[in-house]
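Just below is one structure, and these are the notes that go with it.
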There are 2 protein chains.
Amino acid sequence: MHQPDEELVSILHKKGLKVTPQRLAIFRYLANNESHPSAEKVYSDIKGELPTISQGTVYKTLSTLADIGVITELKINNGQSRYDSNTSVHVNVICPRCNNITDYQSETIIKFWKKLSKEIGGKISGQRFDVYKECSTCEK
Amino acid sequence: MHQPDEELVSILHKKGLKVTPQRLAIFRYLANNESHPSAEKVYSDIKGELPTISQGTVYKTLSTLADIGVITELKINNGQSRYDSNTSVHVNVICPRCNNITDYQSETIIKFWKKLSKEIGGKISGQRFDVYKECSTCEK
DNA sequence: TGCTAATTGAGAATCATTATTATTTAATAC
DNA sequence: GTATTAAATAATAATGATTCTCAATTAGCA
Ligand SMILES: [Mn+2]
Ligand SMILES: [Mn+2]
Ligand SMILES: [Zn+2]
Ligand SMILES: [Zn+2]
């Protein structure tokens, strides 16, 4: 694990964006959170650190972080967005019952992506691979 | 190309659901439409055939068709849902600028899915593979 | 040809997200 | 350090895609 701050600060500088406590805190929160939280979850959790932050700022910040490419926004089937700081090529395993999301990574995926992106060609700007499977809690 | 009606009617019977003109028309429309239309697009296009249909019925019908597995709902990044009658394993190539969606299918994808679903194991209920790439119209 | 539960149509309600705007603040220059 | 200023934030209102409600209609069946 590395200090996420340095990377974020460098990218913000490069893009001419300000380094704010809100941006640092939300990015740090996501970088240490595997659960692909919703904006609402980020808001309620981040209030411990930044008690006066507003929902609007959370949405705006998440959108900014997605724009600069350090997180990914995933619209899921319950109508909400979930936020993922894992920017490597991977599979999101989504429980169709409770919308729990976990990452699955393997060599198979890496190889597939190399082959597929070459096959499709052109300027590909991203990808999203989801697999729907009941989580261990829900299958009981 | 085969008659989509027969398949749908048989599944509706199996599930104890009624065969209605609205369900037939919307399913037929999607089966003959590669463009992954939104609910709004389905609504405005289907009014030619069913002038008195309501938006609510379109939403409800699309949801029913997705429930019984004959179409797939894709929430995309503009906040809308798009509907796909291609239920085979494939990649949706989505233009991040105009949200145009086209299907990409290849042996690479089929083989990957066989391998990946075995790797992940358990009762997988579906999958979704998206690739973001500017469409030919937008890259000009 | 009726019966009945499912479906539809019309319109209201919901709710996640976005927009607005006054206030605050990070970054730069002095 | 202090002033300047454009960007960011907080509070709140607005939006809009989707869902809900319920009375009217209809598909499926006896
Ligand atoms: Mn993920
Ligand atoms: Mn498709
Ligand atoms: Zn679950
Ligand atoms: Zn395009």
Side-chain angles (χ1 to χ4, degrees), chain A residues 5 8-27 29 36-68 70-83 99, chain B residues 5 8-27 29 36-68 70-83 99:
Chain A
D5 286 9
L8 179 61
V9 168
S10 138
I11 297 177
L12 288 173
H13 281 160
K14 211 173 305 176
K15 304 262 182 181
L17 297 169
K18 292 184 177 173
V19 177
T20 66
Q22 292 84 351
R23 287 173 177 166
L24 286 173
I26 290 175
F27 180 63
Y29 172 79
H36 304 71
S38 64
E40 188 55 41
K41 183 72 164 41
V42 173
Y43 175 57
S44 67
D45 283 358
I46 214 78
K47 275 199 287 193
E49 189 176 346
L50 300 169
T52 64
I53 198 170
S54 68
Q55 281 199 76
T57 299
V58 172
Y59 277 104
K60 192 92 181 315
T61 301
L62 290 167
S63 163
T64 301
L65 295 177
D67 282 347
I68 66 178
V70 297
I71 67 172
T72 303
E73 178 178 354
L74 301 170
K75 300 247 180 208
I76 65 165
N77 289 337
N78 71 353
Q80 286 191 158
S81 279
R82 302 282 288 267
Y83 298 89
N99 295 307
Chain B
D5 286 7
L8 178 61
V9 168
S10 137
I11 296 177
L12 288 173
H13 281 159
K14 211 174 302 174
K15 303 263 182 181
L17 296 170
K18 291 185 178 173
V19 178
T20 66
Q22 292 84 352
R23 287 172 177 167
L24 287 173
I26 290 175
F27 180 64
Y29 172 78
H36 304 71
S38 65
E40 188 55 40
K41 183 71 162 45
V42 174
Y43 175 57
S44 67
D45 283 358
I46 214 77
K47 275 199 287 193
E49 190 176 345
L50 299 169
T52 65
I53 199 171
S54 68
Q55 281 198 78
T57 298
V58 171
Y59 276 104
K60 192 90 179 316
T61 300
L62 289 167
S63 163
T64 301
L65 294 176
D67 283 347
I68 66 178
V70 297
I71 66 171
T72 304
E73 179 178 354
L74 303 170
K75 300 248 181 207
I76 64 164
N77 289 337
N78 70 354
Q80 287 191 155
S81 280
R82 302 281 288 265
Y83 298 88
N99 294 307

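Below, read A as the first sequence line, B as the second, and so on, with proteins coming before strands; counting in each chain starts at 1.
- Between I26(A) atom CD1 and dA10(D) atom C1' the separation is 13 Å, expressed in whole Å.
- Taking atom CG on L50(B) and atom C1' on dT25(D), their separation rounds to 15 Å, with Å as the unit.
- Residues Y29(A) and P37(A) share a closest heavy-atom pair of CE2-CG, 3.9 Å.
- By the neighbour-count criterion of 12 heavy atoms within 6.0 Å, atom NZ of K75(A) is densely surrounded, having more than that number from other residues, nucleotides or ligands.
- Using a 4.5 Å heavy-atom threshold, the side chains of V9(B) and L24(B) count as touching.
- Between L65(A) and E73(A) there is no side-chain heavy-atom pair separated by less than 4.5 Å.
- Between L24(A) atom CG and dA27(C) atom C1' there is a gap of 15 Å when expressed in whole angstrom units.
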Quick one, give me the B/S/- string for nucleotides 5-18 of chain C, reading 5' to 3', where B means a protein heavy atom under 4.0 Å from the base and S means that only happens at the primed atoms, P, OP1 or OP2. BBSBBS-----SBB

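- In this structure, CG of L62(B) is placed 15 Å from P of dA17(D), rounded to the nearest angstrom.
- When all heavy atoms of Q22(B) and L50(B) are compared, the closest pair comes out as CA-CD1, 3.7 Å.
- Test I53(A), T57(A), I26(A) against Y43(A) for side-chain contact (heavy atoms from CB on, under 4.5 Å) and you get one pass: I53(A).
- Separating the OH atom of Y43(A) from the C1' atom of dT12(D) is a distance of 12 Å, rounded to the nearest angstrom.
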